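All residue numbers in this chain count up from 1 along the given sequence. Because the structure is a prediction, the values reported are computed rather than measured.
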Amino acid sequence: MCGYQLLRKCISNNDNELIIYGADSFSQFPRRDPSVNSKCDRALPVARRDDLVVLRGKLDHEYHKWLRSHGLGSDHIVEYDAHSREMTLSELIINDPEPVKKIIRLIGKKPVYVPWFSGRLETEAAKALGADLFGATETATLKYNDKSAFKTLCRQLGVSVVEGTLFDIHPEDNENCIEMKNIINGYLSTCETVIIRGTLGEAGMSLYKTKGNDISEIYHEIAVSGEKSIIIEPFLNVSSSPNDQWVISRGGKIYSLGMRDQICERGMVHIGTLKGANTSPDILNYITKTSAKIVNNMAEFGYRGVVGIDYIVSDDGIFPVENNARFNSSSYVSMIVDNIEELISPIPYWKFMKIKTVACSFLELTERIGPVLYDGKKLNSVFPFSCDTLPSSGEFAVIILAENMDEIFNMEESLKEMGVKRDWPDMCTEKSSCFELTRLLNTNVIPLRPF
């Protein structure tokens, strides 16, 4: 096992290789839930000058121009201009690899395909491009990404997990819903709330909590979604939700990327990440040792790529709850921050948030948030990215870059005054891992440096 390394260096430390980013989340979501977007454009600020970014849709030229004006991003972009949600980016490449291969020939370096999630089609896309794959086989990815299989693995490694029951959904069986109700009511006899998670659902999909009065409605929603298996667990009293990120290089070397604190809406759905908050040594040591066991097992099995293990710190203990065997949302954020740090200075604190404003163009957004917008010089600023849905829905993401927690709070307040905010109605009543709660409980926050 190696020490800390920048993620970009873990992907490739060879100047003779061409990194091709395919940050398409569709590969993980075959059901195409309307709440899931492709998000290919989040790789635009991640890419360096000599990298290549492949987009399902069209490039936002104003955003790209803004990035390049600050020394970020690449001029090597391939746009497939796909209007349908029927095909993933990898399928588009397989069907017509020539636009990407043309850039590969022009640059003349050995290509490395870097998808969001590794499945069969990602392997085929890499072959179509004559590229190495920074990722794993579909077998390895699904082995660790499945929540039920992950809990089984943890038990085999001697790692404590939240008690729970795996339940198969069979809507054709009239007794199936009653069986689910009985299991849930069994847990409700000893706890107030039960959480229900689909074994493959992500981004808030197939994720519910109940006090027992809406089980039939939840069952119907799960059945309609097509989810085949769910995990039923007691909903614990959670004080924080750390995410521990690691990477296994193509050569099998293991690196730690450090720990972040997740911001979870209603105590469940991840909507952002905070880097810089203090984590107690006991929690840090336990999570690091536990993750090392898991990641070593993954490397031995042959998994390659990014690993993001989600934990909960609760009154009942510290438990791993999910293994994101793929790039995580904050993986891209970390790479963006790394790029910015090379240009200006170290950034002790950052906060990533999914956020919303009135639908507008990127140029209009820069005018709206001008006083706090990243300008390539000042540290305390707001960096917008993942802006492809900005013109249609006003939704995008930001990284708040800061020298301390107070500056993060001040800039967040400034954004709200500018009409850019996220509505969190339950944020102060849920035991979520949120900045507001962190700020109230711990005003003297010590920066967490990579280990």
Side-chain angles (χ1 to χ4, degrees), residues 18-48 51-69 72-104 111 113-119 121-122 124-126 128-129 131 202-203 205 326-327 329 331-333 335-336 354-366 383-399:
L18 168 65
I19 304 303
I20 304 173
Y21 290 105
D24 176 26
S25 62
F26 278 2
S27 54
Q28 191 182 0
F29 303 106
R31 292 199 310 272
R32 299 289 187 278
D33 185 286
S35 65
V36 177
N37 295 307
S38 176
K39 301 181 181 177
C40 289
D41 73 316
R42 61 188 154 182
L44 289 170
V46 168
R48 303 196 174 190
D51 296 337
L52 169 61
V53 177
V54 187
L55 304 176
R56 290 187 75 261
K58 293 184 68 66
L59 175 67
D60 185 331
H61 290 278
E62 289 296 340
Y63 181 66
H64 187 238
K65 181 180 178 182
W66 178 79
L67 287 175
R68 299 301 290 127
S69 72
L72 297 166
S74 169
D75 286 329
H76 303 302
I77 312 291
V78 171
E79 308 167 64
Y80 274 95
D81 195 18
H83 300 286
S84 170
R85 298 166 66 92
E86 292 180 1
M87 286 197 292
T88 67
L89 177 61
S90 289
E91 288 174 291
L92 293 169
I93 292 172
I94 293 166
N95 289 345
D96 182 16
E98 187 54 30
V100 183
K101 294 178 77 170
K102 181 179 179 181
I103 302 295
I104 294 172
Y113 186 45
V114 185
W116 158 257
F117 178 91
S118 295
L121 293 171
E122 282 60 51
E124 289 186 19
L129 298 175
E202 304 287 346
M205 297 165 59
R326 52 160 170 77
F327 271 73
S329 295
S331 306
Y332 294 112
V333 176
M335 296 177 79
I336 295 169
K354 300 169 186 176
I355 207 162
K356 188 170 184 177
T357 186
V358 177
C360 63
S361 67
F362 178 74
L363 196 58
E364 290 170 325
L365 177 68
T366 61
F383 188 95
F385 77 110
S386 200
C387 299
D388 59 337
T389 56
L390 182 62
S392 59
S393 67
E395 295 176 350
F396 64 111
V398 295
I399 312 170

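- Shown are Leu52, Leu55, Val114; of these, the side chain to side chain contact (heavy atoms under 4.5 Å, CB included) with Tyr21 is made only by Val114.
- By the ring-ring contact (aromatic ring centres under 6.0 Å, His included) test, Phe385 pairs with Phe352, sequence neighbours left out.
- Contact annotation: the side chain of Ile20 approaches that of Ile104 to within less than 4.5 Å [non-hydrogen atoms, C-beta and beyond].
- Phe362 and Pro384 get closest at one heavy-atom pair: CE1-CG, 3.8 Å.
- For the atom pair CG of Leu129 and CD of Glu98, the computed distance is 10.5 Å after rounding to the nearest 0.5 Å.
- Within the model, atoms CG of Leu59 and SG of Cys40 stand 12.0 Å from one another, a figure rounded to the nearest 0.5 Å.
- When every heavy atom of Lys58 is checked against every heavy atom of Glu79, the shortest pair comes out as CA-OE1, 3.4 Å.
- Rounded to the nearest 0.5 angstrom, Lys102 NZ and His76 NE2 are separated by 13.0 Å.
- Note: Trp116 CH2 to Arg42 CZ = 4.5 Å, rounded to the nearest 0.5 Å.
- Taking CG of Leu89 as the reference point, atom CZ of Arg56 lies at 7.5 Å (rounded to 0.5 Å).
- Taking OH of Tyr113 as the start and CD of Glu122 as the end, the distance is 5.5 Å to the nearest 0.5 Å.
- Proximity of His64 to Asp75: side-chain heavy atoms (C-beta onward) are separated by under 4.5 Å at one or more points.
- Contact detail for Ala359 and Pro391: the closest heavy-atom pair is CB-O, 3.5 Å.
- Contact detail for Ser74 and Arg48: the closest heavy-atom pair is CB-O, 3.1 Å.
- By the ring-ring contact (aromatic ring centres under 6.0 Å, His included) test, Phe383 is found to be paired with Trp66, Tyr374, residues two or more places apart in sequence or in another chain being considered.
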Q: Would you check, one step at a time, whether the test side-chain contact (heavy atoms from CB on, under 4.5 Å) holds for Ile77 with Leu44?
A: CA-CA 9 Å; Ile77 312 291; Leu44 289 170; 3.7 Å; yes
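- For the pair Tyr80 and Val100, the minimum side-chain heavy-atom distance is below 4.5 Å.
- Looking at Asp41 and Asp60, their side chains never come closer than 4.5 Å, going by heavy atoms from C-beta outward.
- The shortest distance between side-chain heavy atoms of Leu390 and Ser361 does not fall below 4.5 Å.
- Side-chain contact between Pro45 and Tyr332: absent, with no pair of heavy atoms (C-beta onward) separated by less than 4.5 Å.
- With Phe396 as the partner, the side chain to side chain contact (heavy atoms under 4.5 Å, CB included) test is satisfied by one option alone out of Thr389, Asp388, Leu365: Leu365.
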